[in-house]
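Below: the structure, in structure tokens.
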Amino acid sequence: MQHSSSDRIAEELRRWARAEPAGTRLPSTRTLVKRFEASPVTVQQALRSLSAAGEIETRPGVGTFTRAKPVLRGVDFSWQTAALGTPQQKLEPATSLRSEPGNVIALHSGYPRAELLPVRLVRSALSRAARGNAAVSRADSAGMPELQSWFAQELESSMLPGLAAPSARDVVVFPGSQAALSALYRSLIGAGEPLLIESPTYWGAMLAARQVGVRLVPVPSGPDGPDPVALERAFAQTRARAFYAQPNFANPTGAQWAPESARRVLEVVRANGAFLIEDDWAHDFGITASSHPLAAQDSDGHVVYIRSLTKSVSPAIRVAAVVARGPARERLLAEAQAQAMYVSPVLQEAAVDVVSQPGWRSHLHSLRARLQEQRDHLAAAVSQHVPQAELAQLPTGGLNLWLRLPDETDLVELQDRCRVRGVMVAVGDEWFPAEPTGRYIRLNYAGADPAAFTDAAAVLGQELEQVKF
């Protein structure tokens with residue numbers, strides 16, 4: 001990079017001024033002209049740049065001096081305490097969103113590592129989208145037609161015979177599933193109203209509900225899904241309008257509902273004239289089973305279906321869709337327009353580009369095998385080094401192992417001790433809408449290098465022996 005004569009003079013004078021005490025007088029312009037063998041105009045330009053940067057100050061009729069270094073005073077934000085008042089909800093960031101140094105074994109992560117993503121497809125798609133019209137245009141509030149059609153066709157491929165498939169118009173695109181959840185809670189439920197929710201369940205679904213002011217009512221859920229009798233009783237007691245659930249590879253447990261449980265839950269929802277908000281977050285993460293959306297068994301608008309591409313395509317492509325039918329779709333679209341107006345066309349175009357490539361299906365096929373290998377590796381390491389932990393079931397899909405620890409375990413201390421030794425785990429309390437029913441931790445087998453699983457499990461087992469109430 002080329003610098004002008006005045007830049008070079010200014011840089012040398014800057015070094016000199018910083019080495020001198022504040023208030024030291026600079027040589028005269030004539031002296032500086034001779035010293036640097038430059039014109040007076042060039043020297044004056046250098047002095048003006050230094051003055052503008054606060055390095056020197058000119059005192060008319062006296063001379064130019066090095067400027068006193070400013071004394072930084074403490075900033076007082078105490079006035080904001082009265083202005084803001086007490087927060088309605090104290091929202092704590094979840095463990096899975098914490099960023100840690102690269103040498104930490106990130107078993108707490110909520111995302112797959114880059115090696116499990118279609119990196120080449122994503123980079124090529126973003127490059128193409130940035131060169132096209134998407135880079136300088138806005139999208140329709142409901143989403144790009146091509147992306148809407150793709151989401152509708154994906155669900156249609158699973159529909160039961162005889163049921164009306166969703167159309168592209170039934171799809172509303174959001175900047176990630178978190179925004180979709182907030183919009184659904186506002187448009188279908190409303191502040192102060194009850195929402196039935198699986199327990200344990202995704203912490204982000206609970207966070208969105210608390211932000212909106214929705215009242216959570218937990219419904220116990222096990223390896224085969226929620227208890228239909230408990231769900232019916234919760235509907236009767238609360239007259240809730242909706243039930244939030246993850247029927248396929250639930251976060252955090254990895255559970256997939258049994259077909260009979262799914263059928264009975266749908267019957268309960270229909271009988272109560274309610275909505276089932278189905279979060280199919282792990283649709284692309286099947287291992288020994290595939291995702292079977294409950295929305296594919298419904299054409300009357302009882303199931304409102306959320307499908308995200310953020311975890312399976314790239315965390316940088318925050319694109320999700322909601323499939324909703326009837327008046328619910330119109331309310332949802334109005335909420336989407338009020339929240340964000342529209343989703344970035346560049347991200348939408350890149351997303352539909354990736355999932356439309358032949359390489360996308362190839363990627364998903366190889367991903368199954370890699371997830372199975374990493375799941376089995378971590379499960380074996382835990383079995384060997386953490387015999388105190390109970391793995392209720394080996395998940396058939398998803399990204400996580402859900403472990404129950406002895407009831408006397410101090411989870412917070414365990415998390416802290418593991419972190420000191422370079423291993424991050426997620427405390428299970430974050431996934432319960434009410435009081436936890438046991439001591440659990442969640443371990444992600446997709447977010448860390450599997451070569452570190454054995455060492456991580458050894459640390460976990462050693463520290464577990466040290467932490468008790």
Side-chain angles (χ1 to χ4, degrees), residues 96-97 110-112 117-118 122 125-126 129 139-155 158 166 168-188 201-209 211-212 244-251 275-285 291 293-295 303-325 328-329 331-356 360 364 398-399:
S96 57
L97 289 182
Y111 293 83
L117 300 176
V122 170
L126 283 171
D140 185 272
S141 295
M144 291 179 57
E146 298 86 351
L147 188 58
Q148 290 177 288
S149 295
W150 184 84
F151 278 115
Q153 290 166 8
E154 277 278 292
L155 185 54
S158 302
R169 188 185 177 281
D170 297 322
V171 177
V172 180
V173 177
F174 284 88
S177 59
Q178 199 66 19
L181 286 170
S182 295
L184 282 169
Y185 294 160
R186 287 190 179 93
S187 57
L188 302 186
T201 193
Y202 171 47
W203 64 265
M206 295 186 285
L207 175 64
Q211 286 179 312
V212 173
Y244 169 85
Q246 298 180 354
N248 290 284
F249 319 132
N251 181 4
F275 294 100
L276 171 62
I277 300 174
E278 179 182 9
D279 188 348
D280 196 13
W281 75 277
H283 185 91
D284 298 320
F285 298 132
S291 176
L294 267 68
V303 180
V304 179
Y305 179 71
I306 307 174
R307 169 89 151 86
S308 173
L309 296 176
T310 299
K311 283 185 170 64
S312 55
V313 172
S314 168
I317 298 184
R318 289 200 57 77
V319 170
V322 175
V323 181
R325 307 200 200 190
R329 186 262 186 191
R331 291 197 183 188
L332 182 64
L333 178 58
E335 186 63 39
Q337 292 170 328
Q339 276 191 21
M341 295 187 183
Y342 57 88
V343 178
S344 164
V346 170
L347 295 185
Q348 292 192 67
E349 190 163 303
V352 74
D353 187 334
V354 170
V355 298
S356 300
W360 170 245
L364 292 181
L399 305 176

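R329 places a side-chain heavy atom less than 4.5 Å from the side chain of V172. Side-chain atoms of R307 and V323, non-hydrogen and from C-beta on, never get closer than 4.5 Å to each other.
At least one donor-acceptor pair under 3.5 Å links the side chain of E278 to the backbone N or O of A295.
Interatomic distance, Y244 OH to L181 CG, rounded to the nearest 0.5 Å: 5.5 Å. The CD atom of Q211 sits 7.5 Å away from atom CZ of R186, with the distance rounded to the nearest 0.5 Å. Put simply, OH on Y305 and CD1 on I277 are 14.5 Å apart, with the number rounded to the nearest 0.5 Å. Taking CG of L309 as the start and CG of D284 as the end, the distance is 7.0 Å to the nearest 0.5 Å. The CZ atom of F285 sits 9.0 Å away from atom CG of L364, with the distance rounded to the nearest 0.5 Å. A distance of 13.0 Å separates CZ in R318 from CZ in F174, rounded to the nearest 0.5 Å.
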Evaluation steps, side chain to side chain contact (heavy atoms under 4.5 Å, CB included), between S141 and L333: CA-CA 7 Å; S141 295; L333 178 58; 4.2 Å; yes

Verdict with supporting geometry, L276 and L294, side chain to side chain contact (heavy atoms under 4.5 Å, CB included): CA-CA 9 Å; L276 171 62; L294 267 68; 3.6 Å; yes

Stepwise side chain to side chain contact (heavy atoms under 4.5 Å, CB included) test for V173 and M144: CA-CA 8 Å; V173 177; M144 291 179 57; over 6 Å; no

Check against side chain to side chain contact (heavy atoms under 4.5 Å, CB included), I306 and L184: CA-CA 10 Å; I306 307 174; L184 282 169; 3.6 Å; yes

What side-chain donor-acceptor pairs closer than 3.5 Å can you find for residues 334-345, not counting sequence neighbours?
residue	atom	partner	partner atom	Å
S344	OG	V346	N	3.3
S344	OG	L347	N	3.4

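Closest non-hydrogen pair, S149 versus A168, comes out as OG-CB, 3.6 Å. Residues G176 and A320 share a closest heavy-atom pair of C-CB, 3.5 Å.
Partners of W150 under the ring-ring contact (aromatic ring centres under 6.0 Å, His included) rule, at least two apart in sequence or in another chain, do not exist in this structure.
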